[in-house]
*Asks:* 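Take a look at this one; I'll ask things after.
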Amino acid sequence: LFEEPAYLSKVNEELRDKYSYLVIRKGKDITFCGSEDGRELCERLAPYGDQGSMAGSIYMDGEEQHLVKQIDFRFSDDSQGSVFIVTNVGNYVPEIKALLGEMLLLGVLIISFMGGLLIMWIYRSLLRPLHKLQEATKQIRDGNLDFEIEVKGNDEIAELASGMNVFLDTLQEVLGKIATNSNAIG
């Protein structure tokens, strides 16, 4: 199978779409190299059985980096063989840059969305109760003392609203006493 040029060319074409190419070595001879540019690299490939030193590692070939995967096997005539899948890592750089740009944009969108949610939460938990207290002071200013402020929670704003209710009750009592005393006098 690894000695059929048509099959090797077909596999190599599929690898080309992934910025890779195929290299077949039988014994010490390269029998198939899927890239003319890779001839120099073929001379530096790891020997049969030595998958630890070069296989799966990135190394320099002139200006470009390559990732090499080595698989050793035996041909039908029992000679040693190696299949190398060589990937030009440099071709992935534009794609990685585009992916990083998309990830950065997505990160900014997520942070913006979370910031919007935080602002809404702050508005609901702080500004609405303060707005209710503001409305209560307007009603007191206009002379309406017959209402009670709704108290929710245990925070400082809830304590302020509760204190405002006590103030209203006390103010109504004082005004009631003043009215009673002024009626008694007059």
*Asks:* State the CZ-CD1 distance between F84 and I30, to the nearest 0.5 angstrom.
*Replies:*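 With rounding to 0.5 Å, CZ (F84) is 6.5 Å from CD1 (I30).
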*Asks:* Find out whether K138 and E135 are in side-chain contact, i.e. whether some heavy atom of one side chain is under 4.5 Å from a heavy atom of the other.
*Replies:*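 Of all side-chain heavy-atom pairs linking E135 with K138, at least one is under 4.5 Å.
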*Asks:* Would you give me the side-chain donor-acceptor pairs under 3.5 Å for residues 109-129, sequence neighbours excluded?
*Replies:*
from: S112; atom 1: OG; to: V108; atom 2: O; distance (Å): 2.8
from: S125; atom 1: OG; to: W121; atom 2: O; distance (Å): 2.9

*Asks:* Looking only at non-hydrogen atoms, find the nearest pair between Y21 and C33 and report the distance.
*Replies:*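 Heavy atoms of Y21 and C33 come nearest at CE1-SG, 4.3 Å.
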*Asks:* Less than 4.5 Å apart, side chain to side chain, heavy atoms only: is that true for T137 and M164?
*Replies:*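 The answer is yes, as the side chains (C-beta and beyond) meet within the 4.5 Å cut-off.
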*Asks:* Tell me whether R25 contacts the main-chain N or O of F32 through its side chain, where contact means a donor paired with an acceptor under 3.5 Å.
*Replies:*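 A pair under 3.5 Å: no.
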*Asks:* Taking it one step at a time, do V11 and L15 satisfy side-chain contact (heavy atoms from CB on, under 4.5 Å)?
*Replies:* CA-CA 6 Å; V11 171; L15 289 173; 4.2 Å; yes
*Asks:* Show the atom names and distances, to 0.1 Å, of all donor-acceptor pairs under 3.5 Å that link a side chain in residues 141-159 to residues at least two apart or in another chain.
*Replies:*
from: N144; atom 1: OD1; to: D146; atom 2: N; distance (Å): 3.1
from: N144; atom 1: ND2; to: Q139; atom 2: OE1; distance (Å): 3.2
from: D146; atom 1: OD1; to: Q172; atom 2: NE2; distance (Å): 3.1
from: E150; atom 1: OE2; to: K152; atom 2: NZ; distance (Å): 3.4
from: D155; atom 1: OD1; to: A158; atom 2: N; distance (Å): 3.0

*Asks:* Within the structure provided, determine whether K26 and S82 are in side-chain contact (heavy-atom separation under 4.5 Å).
*Replies:*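 No, their side chains stay 4.5 Å or more apart.
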*Asks:* Mark yes or no for whether D29, through its side chain, and T31, through its backbone, hold a donor-acceptor pair below 3.5 Å.
*Replies:*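 Absent.
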*Asks:* What's the spacing between K69 NZ and T87 OG1 if we round to 0.5 Å?
*Replies:*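 One finds 11.5 Å between NZ of K69 and OG1 of T87.
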*Asks:* Going by atom types only, do D72 and Q70 share a side-chain donor-acceptor pair under 3.5 Å?
*Replies:*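 Yes, Q70 and D72 have a side-chain donor paired with an acceptor closer than 3.5 Å.
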*Asks:* To the nearest 0.5 Å, what is the distance between OG1 on T180 and CD1 on I185?
*Replies:*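 It is 11.0 Å, given to the nearest 0.5 Å.
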*Asks:* Kindly say whether A179 contributes a backbone atom to a donor-acceptor pair with the side chain of S182 at under 3.5 angstrom?
*Replies:*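 The answer is yes, because a donor-acceptor pair under 3.5 Å joins these two groups.
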*Asks:* F75: what forms a ring pair (Phe, Tyr, Trp, His ring centres under 6.0 Å) with it, not counting sequence neighbours?
*Replies:*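 For F75 the ring pair (Phe, Tyr, Trp, His ring centres under 6.0 Å) partners, ignoring immediate neighbours, are F73.
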*Asks:* Calculate, to the nearest 0.5 Å, the distance between atoms OG and CD belonging to S9 and E14 respectively.
*Replies:*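 S9 atom OG to E14 atom CD measures 11.5 Å (nearest 0.5 Å).
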*Asks:* CG of L67 to CD1 of I85: how many Å apart, nearest 0.5 Å?
*Replies:*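 The CG atom of L67 sits 10.0 Å away from the CD1 atom of I85.
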*Asks:* Identify the two heavy atoms, one from N12 and one from L22, that lie closest to each other, and give their separation to 0.1 Å.
*Replies:*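 In terms of heavy atoms, the two residues are closest at OD1-N, 2.8 Å.
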*Asks:* With no hydrogens and no angle check, is any side-chain donor or acceptor of S20 less than 3.5 Å from a backbone partner on K18?
*Replies:*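 Checked: pair present.
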